[in-house]
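Here is the naming used below: chain letters follow the sequence lines, and residue numbers restart at 1 for every chain.
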2 protein chains.
Amino acid sequence: MQLVPPDFDRMFGALADATRRDIVRRAIDSEEGVAELASHYPMSFAAVQKHIALLERAGLVTKRRIGRRKVVRTNLAGLIAARRLLDRYEELWRGRVDRMTQLITDTKETDR
Amino acid sequence: MQLVPPDFDRMFGALADATRRDIVRRAIDSEEGVAELASHYPMSFAAVQKHIALLERAGLVTKRRIGRRKVVRTNLAGLIAARRLLDRYEELWRGRVDRMTQLITDTKETDR
DNA sequence: ACAATATACAACCGTATGGTTGTACTAATG
DNA sequence: CATTAGTACAACCATACGGTTGTATATTGT
């Protein structure tokens with residue numbers, strides 16, 4: 001259940017960076033705040049904070065205040081939205097193959 | 001069967017543009033050359049040619065010489081590679097849910 | 001209330017990206 | 001074999017991106 005229509009430009013753009021993909025992966029089963037996440041990467045706190053902000057705009061993570069921290073959690077709906085687009089492409093592909101097969105079948109039938 | 005390991009930075013970066021996603025979609029069931037593809041978009045031929053080159057580097061399309069044209073075709077393996085990464089994240093998510101469920105179950109058992 | 005902790009954001013720098021135009025290469029056709 | 005169609009690529013421009021440092025805003029603990 002997505003509140004806003006997925007922005008695929010932002011979404012795939014957000015996934016096009018190894019650090020951000022790793023944040024998404026970690027935030028699946030951790031409850032870390034921004035600073036805790038930042039500690040895993042060889043860059044400044046601010047850089048990681050910007051990555052997280054970008055992931056949030058892309059709908060791939062959410063932040064929730066817990067005490068003095070803001071805990072980052074991966075947004076399953078976002079992942080699913082991205083994956084579904086790729087699924088659709090694959091479906092189109094298989095549809096194409098089916099149509100070609102059908103075409104060949106039809107041709108054979110009219111040939112005899 | 002991927003000849004080179006997928007470069008997810010390039011791959012998702014390539015998908016982070018509406019024009020390029022549309023090229024991928026079209027190239028699934030069309031046999032258009034670069035110029036024919038370019039005719040669909042409100043930008044120069046060279047711009048579209050660069051988009052296609054980028055998609056090719058990302059492993060999402062292939063080009064094949066047919067006559068004087070170079071026909072662009074979507075590379076299913078590339079799509080699948082991208083989708084699989086997202087699948088893995090979803091699996092991790094479900095794994096997390098399972099572990100939480102297990103934890104709750106265990107807790108209940110030790111509680112009684 | 002104040003000091004400390006955690007997060008956010010602005011300004012800046014170098015490089016990549018998305019677009020343009022112009023030129024050069026390659027292959028089919030008359 | 002000269003022309004034309006189709007593709008590739010270089011140079012350039014504006015803007016976005018990934019990183020930095022520095023400053024501001026919340027929230028907690030004493």
Side-chain angles (χ1 to χ4, degrees), chain A residues 6-27 30-75 78 82, chain B residues 6-27 30-75 78 82:
Chain A
D7 178 338
F8 290 114
D9 281 26
R10 283 187 199 279
M11 207 162 252
F12 287 115
L15 289 168
D17 180 281
T19 301
R20 286 193 296 261
R21 286 193 301 275
D22 196 67
I23 291 171
V24 167
R25 186 189 58 76
R26 279 181 187 278
S30 75
E31 297 276 324
E32 296 182 293
V34 181
E36 290 157 329
L37 278 169
S39 72
H40 302 302
Y41 308 103
M43 66 187 72
S44 68
F45 168 84
V48 175
Q49 193 258 327
K50 285 212 291 186
H51 281 308
I52 293 171
L54 202 150
L55 284 167
E56 193 177 22
R57 275 195 301 273
L60 287 169
V61 306
T62 57
K63 275 182 291 192
R64 194 183 145 209
R65 178 130 240 154
I66 293 188
R68 55 174 60 175
R69 297 176 313 149
K70 274 199 174 171
V71 162
V72 178
R73 292 182 66 249
T74 298
N75 180 22
Chain B
D7 178 337
F8 290 114
D9 281 26
R10 283 186 198 280
M11 206 161 253
F12 287 115
L15 289 168
D17 179 280
T19 302
R20 287 195 293 262
R21 287 194 301 274
D22 195 68
I23 291 172
V24 167
R25 187 189 57 75
R26 280 181 187 277
S30 76
E31 297 276 324
E32 296 183 294
V34 180
E36 290 158 327
L37 278 169
S39 71
H40 302 302
Y41 309 103
M43 65 187 72
S44 69
F45 167 85
V48 176
Q49 193 257 326
K50 286 213 287 186
H51 281 308
I52 293 170
L54 202 150
L55 284 167
E56 194 178 20
R57 275 195 300 273
L60 287 170
V61 305
T62 57
K63 276 182 289 192
R64 193 181 145 209
R65 178 129 240 154
I66 294 188
R68 55 175 57 177
R69 297 176 314 152
K70 274 200 175 172
V71 163
V72 178
R73 294 181 65 247
T74 297
N75 180 22

Does the side chain of [Y] come within less than 4.5 Å of [X]'s, by heavy atoms?
X     : Y     : answer
A:D17 : B:F12 : no
B:I23 : B:V48 : yes
B:R25 : B:D22 : yes

What is the nucleic acid contact for [X], judged by heavy atoms within less than 4.0 Å: base, sugar-phosphate only, or nothing?
X     : answer
B:A35 : sugar-phosphate
A:G13 : nothing
A:A46 : base
A:R69 : sugar-phosphate

Decide yes or no, distance alone: a donor-acceptor N/O pair under 3.5 angstrom between the base of D:dG6 and the side-chain of B:K70.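 Side chain to base: no pair below 3.5 Å.
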Ignoring hydrogens and angles, are the base of C:dA28 and the side chain of B:R68 linked by a donor-acceptor pair under 3.5 Å?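 It does, because a donor-acceptor pair links the side chain of B:R68 to the base of C:dA28 below 3.5 Å.
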Rounded interatomic separation in angstrom, taking [atom1] from [X] and [atom2] from [N]:
X     : N      : atom1 : atom2 : answer
A:E56 : C:dA8  : CD    : P     : 7 Å
A:I66 : C:dT7  : CD1   : C1'   : 15 Å
A:R57 : C:dA8  : CZ    : P     : 12 Å
B:L37 : D:dA5  : CG    : P     : 19 Å
B:D9  : C:dT17 : CG    : P     : 10 Å
A:R21 : D:dG18 : CZ    : P     : 12 Å
A:D17 : D:dC17 : CG    : P     : 12 Å
B:R64 : D:dT7  : CZ    : C1'   : 17 Å

Taking OP1 and OP2 of [N], is either one under 4.0 Å from a side-chain nitrogen or oxygen of [X]?
X     : N      : result
A:K50 : C:dA8  : no
B:S44 : C:dT20 : yes
B:Q49 : D:dA8  : yes
B:H51 : C:dG19 : yes

So which one's nearest nucleotide on DNA chain D is more toward 5', A:F45 or A:R65?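 Here A:F45 is the residue nearer the 5' end.
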Go through it in stages, so that I can follow the logic: the residues are A:V71 and A:E36, the test is side chain to side chain contact (heavy atoms under 4.5 Å, CB included), and I'd like the CA-CA distance, side-chain angles, deciding distance and then a yes or no. CA-CA 9 Å; A:V71 162; A:E36 290 157 329; 5.8 Å; no
Any donor-acceptor N/O pair, A:R20 side chain to A:L15 backbone, under 3.5 Å: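 Here the side-chain-to-backbone pair does not exist.
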